Amino acid sequence: MSSNFSESQARDAVLDAQERLHEGRRNFFKVLGVGATAASGLGAALHSTPALAYGGPYAAAFGLDPGRTFMNIGTTGSTPIAVLKALAANNALIARDPTMTFNTQDMRNIIAPGFGADPFELVMSFNTTDGMSKILNGMQFNAGDEIITTNMEHPGGNSPMAITADRRGVVLKRINLPTNDAYSDATVLARFQALLTGNTKAIVFSSPPYLTGIRLPEKMLCQWAAAQGLASVIDGAHGPGMLALNFHDIGCDFYAGAGHKWQCGPGQTGILYVRNNTTPAAPTTYTKSVTIGGETRTLTLPGYTNTTALRPFWPTISGGYSMVAGSTLQGGVRDPADNVAATLMSIGNPSYPALRALQECCSMWDSWGRQNIENYIVALAQYLRSRLTAIWGSRCLATVYDANTPHHARIALTSFNPFSPGYDYNAVLSPAQATAQTAASNAAVATLRDTHAVVVRNTAVPHSLRGNPAANADPTTMSHPLRISTHLFHNMADVDNLVAKLLLVVPHP
Ligand SMILES: Cc1ncc(COP(=O)(O)O)c(C=O)c1O
């Protein structure tokens, strides 16, 4: 592979994807009734420092501090200016008339098709942790049941799994996720398969895991789980807003994502999906008549790739549960006719303005085109990876750079390790080297932020071991790579700026 060739190919891919976003961008400003100039004026009004960063196609829609380049959307995003204004106005409306309510079913009717879900299955939750807790505490488990999960889960998923283990006697079994050239989708599947026993009831995995940003083969894993009679749970914290998701096609039983990360909704917003039907089977589509703003609309929704029976599921937080036989989720029974999402969202008085803001962000993304967004931000991440590979070599990333963008690279998170010997993501570290690397990595994050105005984060990763790809580093020898997020407000100049700053801050050849 010639890295120069890859770099120019990656550059062309970004320009192509950017071109396709332009049409959506024009529509967006038309919908808002504001011009691009007006929108950037609003952004400037929110801060006083001169514009330095952000040249992305939608940079003007966001009020990020232009004095620095924020590249940690993986932790949380930035709510678009127009949505913030509406959020403030809606809060003021409710303060003026506290009896005011907003129609949350309308919101679900608007956003569910953008996620390949039925509005009855799509819950506007509080965040990923909330979604994972509702899923794992709501599923039916008995003592001795087994869950297969991974060694790279986030506390938002690990914590409810731990409660399930301690409270109900569920056994957690973990596969090691491979990294760099030890990674392949087939290896991941084989490791899940190797832990299957007669007691296995579910698989739980995050895609991408927050530690590496490697996208796992969600559909392959869910189809395998369905074929074994297992439930599938995805911690998709980073999915909404980054990826063009189609839950019916993925075939998962449950998916918990954030609304406040890549989807750029306000804090404490999330997207939770609960499969609640088995028909029609994909590729057939179906229509559903809904009302939005009092008007009847017909939604066209994708059929289900997972047509296995619906297992019992209980709402754990709900003011909408009743012991009346046949009511929604009564006795854990899932009736496809029921509006499961409404029952799961019935939690006292919500923040209507925050929910509306999440819906507005989703509507923006729908109008810009979710596939176009994914294509652009993944292309930008690929450009970044091509540049890092050209300088630090093919071992420096969580996955080896591949100009063909395989499924596992269709992700806008990049995990990069310039700190290990040989710039090798999978280098075997001694405990002393691991400790020194943690300090070096923390210092680099701080210097990038404080001296060079670039915000990234780092993670502690139990990477595969170069000397034994079947094993992963133990907690005393984990590596500490940097994790970089690229989004709609960035462009190649922002990536080039990051790489230039990295060359000043981290070890390089
Ligand atoms: C994989 C994963 N799961 C869960 C979470 C928790 O997210 P939230 O703040 O939406 O609860 C994160 C946050 O970074 C994450 O990366």
Side-chain angles (χ1 to χ4, degrees), residues 70-79 115 122-137 147 149-164 172 174-175 177 179 188 203-218 221 232-243 245 250 252 254-273 316-317 344 347 351 354-355 357-358 361-362 377 381 398 408 410-415 445 455-462 480-487:
F70 178 69
M71 299 185 121
N72 187 17
I73 300 96
T75 295
T76 201
S78 171
T79 305
F115 293 102
L122 206 282
V123 180
M124 299 169 85
S125 60
F126 295 116
N127 50 37
T128 319
T129 308
D130 174 58
M132 289 300 286
S133 299
K134 284 174 175 148
I135 293 166
L136 284 152
N137 291 314
I147 291 175
T149 184
T150 85
N151 63 332
M152 295 198 191
E153 297 311 306
H154 187 275
N158 267 336
S159 177
M161 277 195 278
I163 294 170
T164 307
L172 305 178
R174 294 186 192 268
I175 67 158
L177 287 174
T179 55
V188 173
I203 61 170
V204 179
F205 61 93
S206 41
S207 182
Y210 78 114
L211 299 180
T212 60
I214 301 175
R215 186 169 178 188
L216 302 191
E218 302 99 359
L221 294 173
S232 50
V233 179
I234 301 179
D235 173 344
H238 303 273
M242 181 209 278
L243 305 170
L245 296 166
I250 292 171
C252 52
F254 302 95
Y255 189 108
H260 65 92
K261 294 184 190 287
W262 301 81
Q263 190 58 74
C264 292
Q268 222 178 48
T269 55
I271 296 288
L272 166 61
Y273 165 77
T316 44
I317 309 176
L344 294 173
I347 307 178
S351 168
L355 294 174
L358 174 60
C361 288
C362 292
I377 63 180
H408 65 258
R410 290 209 63 84
I411 206 82
L413 275 173
T414 297
S415 177
V445 169
V455 179
V456 301
R457 73 162 282 183
N458 56 5
T459 56
V461 178
H480 233 101
L482 303 176
R483 195 189 72 182
I484 302 145
S485 305
T486 42
H487 208 358

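On a predicted model such as this, the values are computed, not experimentally measured, just so you know. Heavy atoms only: backbone and side chains are in, while hydrogens, waters and symmetry mates are out. Order of appearance sets the numbers: ligands from 1, and atoms from 1 within every ligand. All residue numbers in this chain count up from 1 along the given sequence.
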N/O donor-acceptor pair under 3.5 Å between Thr150 side chain and Met152 backbone: yes

Spacing of CG belonging to Asn137 relative to CD1 belonging to Ile163, to within rounding of 0.5 Å: 5.5 Å

Listed once per pair and sorted, the salt bridge (charged side-chain N to carboxylate O under 4.0 Å, His left out) pairs that draw on residues 153-162, sequence neighbours left out: none

The single option from Ile135, Thr128, Leu245 passing side chain to side chain contact (heavy atoms under 4.5 Å, CB included) against Tyr255: Leu245

Residue list, side-chain hydrogen bond (donor to acceptor under 3.5 Å, both in side chains) with Thr75, at least two apart or on another chain: Asn72

Contacts of Phe126 that satisfy ring-ring contact (aromatic ring centres under 6.0 Å, His included) - sequence neighbours left out: none

Does ligand 1 have any N/O pairs with the protein under 3.5 Å, and how far apart?
residue: ligand 1; atom: 3 (N); partner: Asp235; partner atom: OD1; Å: 3.1
residue: ligand 1; atom: 3 (N); partner: Asp235; partner atom: OD2; Å: 2.6
residue: ligand 1; atom: 7 (O); partner: Thr128; partner atom: OG1; Å: 3.4
residue: ligand 1; atom: 9 (O); partner: His260; partner atom: NE2; Å: 3.2
residue: ligand 1; atom: 10 (O); partner: Thr128; partner atom: N; Å: 2.9
residue: ligand 1; atom: 10 (O); partner: Thr128; partner atom: OG1; Å: 2.8
residue: ligand 1; atom: 10 (O); partner: His260; partner atom: NE2; Å: 2.8
residue: ligand 1; atom: 11 (O); partner: Asn127; partner atom: OD1; Å: 3.4
residue: ligand 1; atom: 11 (O); partner: Thr128; partner atom: N; Å: 3.4
residue: ligand 1; atom: 11 (O); partner: Thr129; partner atom: N; Å: 2.9
residue: ligand 1; atom: 11 (O); partner: Thr129; partner atom: OG1; Å: 2.5
residue: ligand 1; atom: 14 (O); partner: Lys261; partner atom: NZ; Å: 2.7
residue: ligand 1; atom: 16 (O); partner: His238; partner atom: NE2; Å: 2.7

